[in-house]
Amino acid sequence: SRTFQETIPKGMRTRLGCLSHKSDSYNDFTAILPDKPNRALKRLSTEEATRWADSFDVLLSHKYGVAAFRAFLKTEFSEENLEFWLACEDFKKTRSAAKLASKAQRIFEEFIDVQAPREVNIDFQTRELTRRNVQEPSLSCFDQAQGKVHSLMEKDSYPRFLRSKIYTDLLSQTQRRLS
């Protein structure tokens with residue numbers, strides 16, 4: 001006779017396996033830190049990490065802040081919001097008119113379109129406005145959608161991040177280094 005585990009289709013087993021490994025812990029953070037985690041932690045000061053609590057934009061302006069926030073969002077299964085915001089920031093740096101259209105289409109298909117693989121949570125009006133903007137793309141075509149997603153993260157995820165074990169563990173790790 002087969003075990004319960006064997007009766008679950010393989011794809012579903014993989015997804016369930018991911019669920020069981022998700023945890024709001026410091027190890028998740030070090031796994032996705034840019035650079036070597038230990039070297040990154042040596043470079044990150046308690047003062048810098050503490051400043052992330054000053055404002056959401058301070059957090060987003062620091063590469064290790066983004067890494068820690070991404071690790072936290074993964075535990076909540078909502079990292080697509082940050083990934084979309086970062087894609088928009090990158091999109092605004094596009095200098096080639098030829099690349100503008102293809103990048104805009106890729107971002108739209110990945111994050112905005114209904115049933116997109118990493119669909120962000122925005123209202124119908126914003127989705128439709130963005131759909132029209134992408135037809136004739138400019139550097140500002142995602143501004144409204146990006147603003148809504150930024151606001152959602154700032155009001156919803158960011159306060160939870162500041163209370164999370166990932167953030168508190170990170171702070172205590174940087175403080176332990178000083179003593």
Side-chain angles (χ1 to χ4, degrees), residues 11 15 18 22 24 28-37 40 43-45 47-164 166-167 170:
R15 284 196 291 279
C18 291
K22 292 282 182 192
D24 179 11
D28 290 339
F29 175 71
T30 59
I32 60 93
L33 262 173
D35 307 332
K36 306 269 184 289
R43 280 199 233 129
L44 178 63
S45 72
E47 184 186 338
E48 284 175 311
T50 304
R51 280 207 328 267
W52 300 346
D54 291 348
S55 82
F56 185 49
D57 290 322
V58 169
L59 173 75
L60 291 177
S61 70
H62 196 279
K63 75 175 179 177
Y64 299 147
V66 169
F69 191 55
R70 178 184 283 125
F72 169 72
L73 290 176
K74 282 184 179 195
T75 69
E76 295 200 331
F77 303 96
S78 64
E79 69 266 25
E80 71 280 350
N81 292 322
L82 179 61
E83 299 303 336
F84 169 67
W85 187 86
L86 291 168
C88 291
E89 288 299 289
D90 179 62
F91 177 78
K92 290 180 204 174
K93 296 174 190 157
T94 306
R95 293 292 162 246
S96 153
K99 284 185 180 166
L100 203 64
S102 64
K103 271 186 164 182
Q105 195 58 45
R106 186 178 50 77
I107 291 170
F108 184 83
E109 288 170 5
E110 187 170 353
F111 297 103
I112 303 291
D113 211 0
V114 177
Q115 301 293 301
R118 302 199 290 173
E119 186 181 351
V120 292
N121 185 6
I122 53 173
D123 59 272
F124 175 79
Q125 288 83 357
T126 304
R127 189 177 314 279
E128 287 310 302
L129 173 70
T130 307
R131 182 186 308 281
R132 288 192 302 274
N133 289 347
V134 168
Q135 302 310 309
E136 293 178 36
S138 69
L139 292 178
S140 62
C141 69
F142 292 105
D143 284 1
Q144 188 172 350
Q146 186 186 18
K148 299 263 180 171
V149 168
H150 179 281
S151 179
L152 177 73
M153 289 190 297
E154 185 173 32
K155 289 186 181 109
D156 192 40
S157 307
Y158 175 62
R160 283 198 307 278
F161 166 72
L162 295 177
R163 295 188 302 268
S164 73
I166 286 176
Y167 183 57
L170 176 68

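Quick caveat, the model's predicted, so the values are computed rather than measured.
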Using the ring of each side chain (for Trp, its six-membered ring), is Phe56 parallel, tilted or perpendicular to Tyr158, with breaks at 30° and 60°? tilted

Nearest heavy-atom approach of Phe72 to Ser157 is CE2-O, 3.5 Å

Would you find more than 12 non-hydrogen atoms of other residues, nucleotides or ligands less than 6.0 Å from Asn121 atom CG? no

Which pair of heavy atoms, one from Phe91 and one from Lys103, lies closest together, and at what distance? CD1-CB, 3.8 Å

As an exercise, state the distance from CG of Leu152 to CG of Asn81, rounded to the nearest 0.5 Å. 5.5 Å

Calculate, to the nearest 0.5 Å, the distance between atoms CZ and CG belonging to Arg160 and Leu73 respectively. 8.5 Å

Criterion salt bridge (charged side-chain N to carboxylate O under 4.0 Å, His left out) on Glu128 and Arg131, from CA distance to verdict: CA-CA 5 Å; Glu128 287 310 302; Arg131 182 186 308 281; 3.3 Å; yes

Would you please classify the geometry between the Trp85 ring and the His150 ring as parallel, tilted or perpendicular, with 30° and 60° separating the classes? tilted

Using the side chain to side chain donor-acceptor pair (under 3.5 Å) definition, which of the options Glu83, Glu109, Glu80, Glu110 pairs with Arg118? Glu110

As an exercise, state the distance from CD1 of Ile122 to CG of Leu129, rounded to the nearest 0.5 Å. 9.0 Å

Without swapping roles, check the side chain of Ser140 against the backbone of Asp143 for a donor-acceptor pair under 3.5 Å. no

Any idea which heavy atoms bring Val58 and Arg51 closest together, and the distance? CG1-O, 3.3 Å

Measure the acute angle between the ring planes of Phe111 and Phe84, then classify it against the limits of 30° and 60° as parallel, tilted or perpendicular. tilted

State, to 0.1 Å, how close Thr94 and Leu139 come at their nearest heavy-atom pair, and which atoms those are. O-CD2, 3.4 Å

Is atom NZ of Lys92 surrounded by more than 12 heavy atoms (other residues, nucleotides or ligands) closer than 6.0 Å? yes

Could you walk me through whether Val120 and Lys148 satisfy the side-chain contact (heavy atoms from CB on, under 4.5 Å) test, starting with their C-alpha distance in whole Å, then the side-chain angles of each, then the deciding distance to 0.1 Å, before giving a yes or no? CA-CA 10 Å; Val120 292; Lys148 299 263 180 171; over 6 Å; no

What pair of heavy atoms forms the shortest contact from Val134 to Gln105, and how long is it? CG1-OE1, 3.6 Å

Would a 4.5 Å heavy-atom cut-off, applied to side chains only, mark Leu60 and Leu86 as touching? no

Nearest heavy-atom pair of Cys141 and Asn133: which atoms, and what distance? O-ND2, 3.1 Å

Which is it for Leu170 and Trp52 under the side-chain contact (heavy atoms from CB on, under 4.5 Å) test, yes or no, and what are the steps along the way? CA-CA 12 Å; Leu170 176 68; Trp52 300 346; 3.2 Å; yes

Are the side chains of Phe69 and Met153 in touch, meaning some heavy atoms are under 4.5 Å apart? yes

Main chain of Thr126, side chain of Asp123: is a donor-acceptor contact present, judged purely on distance under 3.5 Å? yes

Donor-acceptor contact present, side-chain Ser151 to main-chain Gly147, <3.5 Å: no

Glu79 and Lys74 ion-paired at < 4.0 Å: no

Donor-acceptor pair, distance only, cut-off 3.5 Å: does the side chain of Tyr167 make one with the backbone of Ala49? yes

